[in-house]
Number of protein chains: 2
Amino acid sequence: MDKYYGASSCDGCKGFFRRSVRKNHLYTCRFSRNCVVDKDKRNQCRYCRLRKCFKAGMKKEAVQNERDRINCRRPSYEEPAQANGLSVVSLLNAELLSRKVIDETNNATDAEINNRKLAKINDVCDSIKQQLLILVEWAKYIPAFTELHLDDQVALLRAHAGEHLLLGCARRSLHLSDVLLLGNNCIIAKHNIGEYTARAAGVLRAHAGEHLLLGCARRSLHLSDVLLLGNNCIIAKHNIDGRMDIDISMIGIRVMDEIVKPLREIDIDDTEFACLKAIVFFDPNAKGLSQPQKIKQLRYQIQINLEDYISDRQYDGRGRFGELLLCLPPLQSITWQMIEQIQFAKLFGVAHVDSLLQEMLLGGASTEASLEEPAAPSPLSAGSPPLVPQLPLPEAAVFDVAPFKQEPNASPEHPSRVLKPAEITLL
Amino acid sequence: MDKYYGASSCDGCKGFFRRSVRKNHLYTCRFSRNCVVDKDKRNQCRYCRLRKCFKAGMKKEAVQNERDRINCRRPSYEEPAQANGLSVVSLLNAELLSRKVIDETNNATDAEINNRKLAKINDVCDSIKQQLLILVEWAKYIPAFTELHLDDQVALLRAHAGEHLLLGCARRSLHLSDVLLLGNNCIIAKHNIGEYTARAAGVLRAHAGEHLLLGCARRSLHLSDVLLLGNNCIIAKHNIDGRMDIDISMIGIRVMDEIVKPLREIDIDDTEFACLKAIVFFDPNAKGLSQPQKIKQLRYQIQINLEDYISDRQYDGRGRFGELLLCLPPLQSITWQMIEQIQFAKLFGVAHVDSLLQEMLLGGASTEASLEEPAAPSPLSAGSPPLVPQLPLPEAAVFDVAPFKQEPNASPEHPSRVLKPAEITLL
DNA sequence: ACGGGGAGGTCAAAGGTCAC
DNA sequence: AGTGACCTTTGACCTCCCCG
């Protein structure tokens, strides 16, 4: 017999008293308010039972407020309300599925991981082209995207293709500091990079305790200063042997410093990455959108879902959402610099820019590639504010006032759609 | 009230926090993550209680292992008790104080509000110059700023001057839809614009119920499509009478659509604005910073304070923080477009660009203005990635490969400091 | 030395749970 | 819907150890 609410009592009366006080129950006695209340008959008359509780010394002040539930099954992140596939889980799925596409096509190049090469400008272009195709596949995994007008789909794809390239590159490079470089140029990953985990773990175990590890550690010191392209090329921060193109290196350094490093610091997870990518993608300010408000709603839903997802990490969630979103301005900035570099490389004939790259990244008609729509108004795509920065081609800038006195309202609502949807299998 | 785990706390929360951290309890809020947690209701939502513990400054690192007293070095998580003036209140104060400076100097132009003129390019430059000075004043109201190395102060001021101009312009224009335009070109404000509130309210009352209001309403329809410059000039969205410069109008439209409109939709308040400004300002990626990590900490503190401030709103906090931060990429984008326009206007001699504007906005040595430091390496400020986008001057781009094959490591750690601190009274 | 601040721990008595 | 045997959480009140 313990003490409850100030009186010696059984567990039953404790519960009865609490429920009664909490819900302010008012009972009535069917007899003469003097019913016997003992172990057997305690449930015969509530009025008399409660009266006996008080008489025994129970204090209603001792009953506290209702507390939080102890066993609260957490509602899953799966979309209960909106079936537009914008839940963090759906977005993560789209990310994983679209990556799988390339993993399969890359199966043949499995062995190549052993001899990664430093990227030259055309390796970069090559990787870019590949990644752009993945981007389209990715988008198609998002129902809310496929339900948009075709024009808007194209607009979104074009608007931030560059950001997505860099973002993907950054993600690939995130866990590179958890990587070891063997003497024969093999790479051992601590975490998931492709399907090499099991193998890596094995090798790690095999070498455990050996002095070999020392040399390995030395060789791996600077691997966190490396970017991994989609086609298994590498961009190094420290320009070893001067084998890197300086312009590629510049972009690479900024990606490492301004994107990879902060994302590593907060240890972004796949779900967060998927959301961040989608937030960049659904940009209500993208040029030529017919339903910007609709896009804004989609992005809003995503950023709210991400906010909720992060708030569920109670111990290290604070500031996390902000740090993620604050990666976007530098991402945009680096993207522009990259596009600028590609423009230059193209201009000087150093790089081969094919039509997909031209369309999605450089944002408009090319002055050199053969196109179906020669009616494209201007090589500067006049009137399209530089979401993709339009480097004025020097000729035009010098000999024409066009870029300065360009006529924004004269530009078509929908920017030249040289990008034929069929070509990138949008449907 | 003692200190536990780094925060003033009661015994109950101490125990709660320790138990939660030790067992890594994950709670779920049954409501909207904004439950009141006070002496009475502290047990009603464990999720919100734990969150409040963290918000109050409790550090999970301060919770030791079970039955662990052996290796005890207690300090370390002693955070720099943020007396650095980064609280939302301090930032709001800096904002209000710096605005006051100009309000006073503008006292003479009080009457001018009656005949606002459409801005021409040199009105814009004029306003810009004025606002740049205010920006410096603003920064000086933030202790954490003044405690920085002088070089870093200059770096921060230069890095996002353009964003701050547009941000200020957007703020000024926020409540313009709450404004009425009288027939004699007077403006009546519903809310605070300068000190005109009382007067406006008076006029509003005076006209109440009159048929005059109809005409007034008609005239005011498009006032939400107007930007207000610091020098009382106006940029209109709809190019009435074709009196606007088309290039100014382009920037203006984007500011209205991509900044003012979203900020209006969430009804940003002064505190949030002040924080947003500071977040833009303390950019750890700014060129030439000697202590980027320090700046990152400052920004982190600010964005956390803002997150907390917003989460204190009981009903409409969800998604708000994200919407605010998501204004930053377009802000950056528009800024670059603006700078591009100014570069062009300068290039063609249309605009007068003085040295302050050149230094803070265009980011480096001028090719025309007379400067004290002719040693500035390159008109392209080679090697400085375009946080401020460096439009390649056509001559250089055409006749020199420099911008493509520029040597980033050859640039000085600290960009040319043509901006003499004394000149803008940094001290 | 020695008092106090802030870690850790304890456990009576609150609370919630969920077949019945 | 209410009951009550059974389990969890709370927080007032200790101890212990560094540090000034």
If you draw a 6.0 Å radius around CZ in A:Arg313, do more than 12 non-hydrogen atoms from other residues or ligands fall strictly inside?
yes
What is the distance, rounded to the nearest whole Å, between atom NZ of A:Lys3 and atom P of C:dA12?
13 Å
Would you call B:Asp308 and A:Arg318 a side-chain contact if the rule is heavy atoms closer than 4.5 Å?
yes
A:Tyr4 OH to D:dC7 C1': how many Å, rounded?
11 Å
Could you pick out which residue, A:Gly6 or B:Asp2, lies toward the 5' side of DNA chain C when each is mapped onto its nearest nucleotide?
B:Asp2
Looking at the base of C:dG16, is there any donor atom on it, or on the side chain of A:Arg19, that sits under 3.5 Å from an acceptor on the other one?
no
A quick test of your reading: do over 12 heavy atoms of other residues, nucleotides or ligands sit less than 6.0 Å from NE2 of B:His149?
no
Can you tell me how far C1' of D:dA12 sits from NZ of B:Lys14, to the nearest Å?
10 Å
Nearest-Å distance for atom pair NZ/P, residues A:Lys59 and C:dA14:
12 Å
In this structure, how many angstroms lie between the P atom of C:dA12 and the CG atom of A:Asp11, rounded?
15 Å
Whole Å only: how far is the CZ atom of A:Phe17 from the P atom of C:dA14?
10 Å
In whole Å, I'd like the distance from the CD atom of B:Gln64 to the P atom of D:dC16.
16 Å
If only side-chain N and O atoms of A:Asn65 are considered, is one of them under 4.0 Å from the OP1 or OP2 phosphate oxygen of C:dA14?
no
For the residue pair B:Leu328 and A:Leu326, establish whether any side-chain heavy-atom pair is separated by less than 4.5 Å.
yes
Out of D:dT8, C:dT10, D:dT10, minimum distance to the side chain of A:Arg67 belongs to D:dT10
Just by distance, do the side chain of A:Arg320 and the backbone of A:Ile310 share a donor-acceptor pair under 3.5 Å?
no
B:Gly15 or A:Arg18: which one's nearest nucleotide on DNA chain D is closer to the 5' end?
A:Arg18
Using whole Å, what does the distance between atom P of nucleotide C:dG15 and atom CZ of B:Phe16 come to?
17 Å
Within residues 20-57 of chain A, the residues having a heavy atom closer than 4.0 Å to DNA chain C are A:Arg22
Flag for A:Asn305-A:Ser87: side-chain donor and acceptor within less than 3.5 Å
no
So, B:Arg18 side chain and B:Gln64 main chain: donor-acceptor pair closer than 3.5 Å or not?
no
